[in-house]
Amino acid sequence: QVQLVESGGGWVQAGGSLRLSCTATGIIFRANTMTWYRQAPGNQRDLVAQITDSGRTNYADSVKGRFTISRDNAMNRVYLQMNSLKPEDTASYYCNARSGPLSRWGQGTQVTVSS
């Protein structure tokens with residue numbers, strides 16, 4: 001059964017750091033492009049950071065230099081290291097796995113950044 005489970009969200013003051021993780025089961029993890037999205041209430045779900053099956057990374061302009069995505073294929077896990085957090089980073093963060101036409105989503109983890 002396919003399952004993506006995020007963890008690591010929480011409350012942090014502006015300027016602080018959090019590390020999100022997403023553990024995947026039921027997929028050939030190394031064949032998937034892994035992406036972190038986020039969605040604040042009333043907003044659309046936007047790409048935050050992406051790492052392909054070959055290790056190429058892509059970031060939203062708003063998080064470049066602050067966030068780092070990485071993956072550990074041996075553990076079927078993708079991470080999002082978030083530094084220098086800002087209140088505008090507050091959102092639910094979702095893990096996505098895509099391989100060709102197949103796309104799977106995690107349940108989300110809440111990140112709240114206070115000023």
Main-chain N/O of Val5 paired to Thr23 side chain as donor or acceptor, under 3.5 Å
no
Taking every heavy atom of Thr33 against every heavy atom of Asp53, the minimum-distance pair comes out as OG1-N, 3.8 Å
Are Met34 and Ile28 connected, step by step, through hydrophobic side chains (Ile, Leu, Val, Met, Phe, Trp, Tyr) whose heavy atoms are closer than 4.5 Å?
no
Can a side-chain donor-acceptor contact be found between Arg71 and Asn73 if the only test is distance below 3.5 angstrom?
yes
About how many Å separate CZ of Arg104 and SG of Cys95, when rounded to the nearest 0.5 Å?
13.0 Å
Distance in Å, Thr35 OG1 paired with Gln50 CD, rounded so as to fall on 0.5 Å steps
3.5 Å
Within a strict 4.5 Å, meaning less than it, do heavy atoms of the Thr25 and Val2 side chains meet?
no
Using only heavy-atom distances, determine whether the side chains of Asn96 and Ser103 contain a donor-acceptor pair under 3.5 Å.
yes
So how far is it from Asp89 CG to Leu18 CG, rounded to the nearest 0.5 Å?
10.0 Å
Do Gln110 and Thr112 come within less than 4.5 Å of each other through their side chains, counting heavy atoms only?
yes
Which pair of heavy atoms, one from Leu85 and one from Val12, lies closest together, and at what distance?
CD1-CG1, 3.5 Å
So, does Arg56 use its side chain to make a donor-acceptor pair with the main chain of Asn58 at under 3.5 Å?
no
Got a salt bridge between Lys64 and Asp61, using NZ or NE/NH1/NH2 to carboxylate O under 4.0 Å?
yes
Pair Ser92, Gln39: side-chain N/O donor-acceptor within cut-off below 3.5 Å
no
Which distance, rounded to the nearest 0.5 Å, do you find between the CZ of Arg77 and the OG of Ser21?
5.5 Å
Have Thr109 and Glu6 got a donor and an acceptor in their side chains that come within less than 3.5 Å?
no
Is Met75 close to Phe29 at the side-chain level, that is, under 4.5 Å between some pair of heavy atoms?
no
Would Tyr79 and Arg19 satisfy side-chain contact (heavy atoms from CB on, under 4.5 Å), going step by step from the backbone distance to the final call?
CA-CA 7 Å; Tyr79 302 93; Arg19 189 176 78 155; 3.7 Å; yes
Heavy atoms only: give me the nearest Asp46-Gln44 pair and the separation to one decimal.
OD1-NE2, 2.8 Å
Examine Tyr37 and Val111 and state if one hydrophobic cluster contains both, with Ile, Leu, Val, Met, Phe, Trp and Tyr joined whenever side-chain heavy atoms are less than 4.5 Å apart.
no
If you compare all heavy atoms of Arg38 against all heavy atoms of Phe67, which two are closest, and at what distance to 0.1 Å?
NH1-CE2, 4.0 Å
I need the minimum non-hydrogen distance between Ser114 and Trp11, along with the two atoms involved.
OG-CZ2, 3.0 Å
If you compare all heavy atoms of Tyr59 against all heavy atoms of Ile69, which two are closest, and at what distance to 0.1 Å?
OH-N, 2.9 Å
When you measure from the side chain of Arg30 to the backbone N and O of Ala74, does any donor-acceptor pair fall under 3.5 Å?
no
Under 4.5 Å between side-chain heavy atoms, counting indirect links through other Ile/Leu/Val/Met/Phe/Trp/Tyr residues: same cluster for Trp105 and Val78 or not?
no
Check for me, please, whether Tyr94 and Leu80 land in the same ILVMFWY cluster - side-chain distances under 4.5 Å, paths through other members count.
no
